[in-house]
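Heads up, the thing below is written out as structure tokens.
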Protein chains: 2
Amino acid sequence: MSTSKPFHHGDLRKELVSVAREVIETDGIDALSLRGVARQAGVSTAAPYRHFDSKEKLLAEVARQGFEDLHDALDRGGQSPDPFQSLLDQSMAYLGFAMANPRLYRLMFASHIDKTKHPDLMEAGERTFAVLQARFDPATDPHAAARAIGCWGLVHGLASLAIDNQLDAHVQTDGGPHMRAILEPLVRALMAH
Amino acid sequence: MSTSKPFHHGDLRKELVSVAREVIETDGIDALSLRGVARQAGVSTAAPYRHFDSKEKLLAEVARQGFEDLHDALDRGGQSPDPFQSLLDQSMAYLGFAMANPRLYRLMFASHIDKTKHPDLMEAGERTFAVLQARFDPATDPHAAARAIGCWGLVHGLASLAIDNQLDAHVQTDGGPHMRAILEPLVRALMAH
DNA sequence: TTTTGAAGTTGACATTGCTAACATTTGCCT
DNA sequence: AGGCAAATGTTAGCAATGTCAACTTCAAAA
């Protein structure tokens, strides 16, 4: 009675998300099956359905948490008093997060998940973008919106390419300084009025 | 005996790729099954395996053709005599291709396909990037490499965001002019020495 | 004409997402 | 305390999928 597992898990929902995230980051999304997650969590095949309507819902929750973590990383990144330096740091923080959690980052923008079906996820994504958006003030800059999108596109693109190992070996391995050199002139252009 | 299908298909390989591409662009990658493709091509379940070792190989071939098409689109896009205008046009051509073939474009950068396992695909991708790279001359610009990566990251990022409907409705629907406005200052920065 | 190899077929296996029907536990209501 | 409903698990099973092995058909070289 003592060593045998209790019927109820305790907090299966949280455990499922945690296991899923781990599997994704370890073996990739294609290697993730709901049954496998259940197995690793020590519950039966159908148990996850008490907490998530579908596999997609579970993935959406993992992605949502990813956006929250990215959001935090951005907040921590943009604290320099110099606006240019701050935006550059923030951009580097964005890339740092993506390269530290490549498969999670990919999931956050993956086609598996139709964001319109997962309002939580969509909102988390928008809130994250808002951090970048806040660096451009529409009151003083008529092109604030365009610049913000350009900035997001730039970091998202570089992150995606880096994750896919599509970049030169130099940039890939020693991401930091090289990436900074790539970003600098573009971020400067974004801050110019 | 005349109307019954012949045992041999003729050029099943080409047909499979064609059907697959159509399914992808119509219903998305997740809706594509090898069995379904075989069905639509009018052959049996196992027939595709005479031409592709796995589903992934078929997808890789579709993606490879996608890169060739993108390559062509870029070539056609960059013909203005003014270097700045030319690069801007080319960037717009890149975005145009991505938004005209959203799911194909996504496949080309999807995690489903491990590019190291498909040299053809990798090479096609590199050749495409080379078109952009050629706009920056290492002889006259010591930062040519960094600028090229920045340029690619920028257009790839904007393309991805647009495809995922992650952008404002305005930018989304009336892509052209808005995107141009976003790109302009950044492309200008890329051309500045 | 024979024969050989490419191209296609059928049938099967393990795995997967998901559902239905049933079992156990928890905690609330009296 | 006692009992009951809701929440949380379990087992069994379905249909679909990727892939493989064994067999058949056809075309073209010998």
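Predicted, not measured: the structure shown is a model, and the values here were computed from it. FYI, side chains are in, hydrogens and waters are out, and symmetry mates aren't considered; it's all heavy atoms of this structure. Residue numbering restarts at 1 for every chain, and letters A, B, ... go by the order of the sequence lines.
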Self-check item: Nearest-angstrom distance from the residue atom CG of A:Leu59 to C1' of C:dG17
Solution: 12 Å

Quiz item: Over how many whole Å does the gap from A:Gln40 atom CD to C:dT16 atom P extend?
Solution: 12 Å

Quiz prompt | 5'-most by nearest nucleotide on DNA chain D - B:Ser54 or B:Arg50 | solution = B:Ser54

Quiz prompt | Ion pair check, A:Lys57 and A:Glu61, cut-off under 4.0 Å | solution = no

Self-check item: Salt bridge flag under 4.0 Å for residues A:Asp69 and A:Arg21
Solution: yes

Protein-nucleotides 13-16 of chain D N/O pairs under 3.5 Å:
none

Quiz item: Which residues satisfy the salt bridge (Lys or Arg N to Asp or Glu O under 4.0 Å) test with A:Glu184, sequence neighbours excluded?
Solution: A:Arg188

Quiz item: To the nearest angstrom, how far is B:Leu58 atom CG from D:dT19 atom P?
Solution: 10 Å

Practice problem: Could you tell me the separation between the NZ atom of A:Lys55 and the P atom of C:dT19, rounded to a whole number of Å? | Solution: 14 Å

Quiz prompt | Test: B:Arg103 and B:Asp27 ion pair at under 4.0 Å | solution = no

Practice problem: Give the rounded distance in Å between these two atoms: CG of B:Asp30 and P of D:dG18. | Solution: 12 Å

Quiz item: Among all residues two or more places apart in sequence or in another chain, which pass the salt bridge (Lys or Arg N to Asp or Glu O under 4.0 Å) test with B:Glu25?
Solution: none

Self-check item: Nucleotide of C:dT19, D:dG18, C:dT10 approaching A:Ala46 most closely (side-chain heavy atoms)
Solution: C:dT19

Self-check item: Rounded interatomic separation in angstrom, taking CG from A:Asp53 and C1' from C:dT19
Solution: 13 Å

Quiz item: Is the distance from OP1 or OP2 of C:dA6 to the nearest side-chain N or O of B:His51 less than 4.0 Å?
Solution: no

Practice problem: Please state how far atom CD in A:Glu56 lies from atom C1' in C:dG17, giving the value in whole angstrom units. | Solution: 12 Å

Quiz item: Tell me: CG of B:Leu34 to P of D:dT19, nearest whole Å?
Solution: 7 Å

Quiz item: Among B:Tyr94, B:Phe109, B:Phe97, which residue meets the ring pair (Phe, Tyr, Trp, His ring centres under 6.0 Å) test with B:His156?
Solution: B:Phe109

Quiz item: Which of these, A:Arg135, A:Gln85, A:Gln79, A:Arg76, sits in a side chain to side chain donor-acceptor pair (under 3.5 Å) with A:Gln90?
Solution: A:Arg135

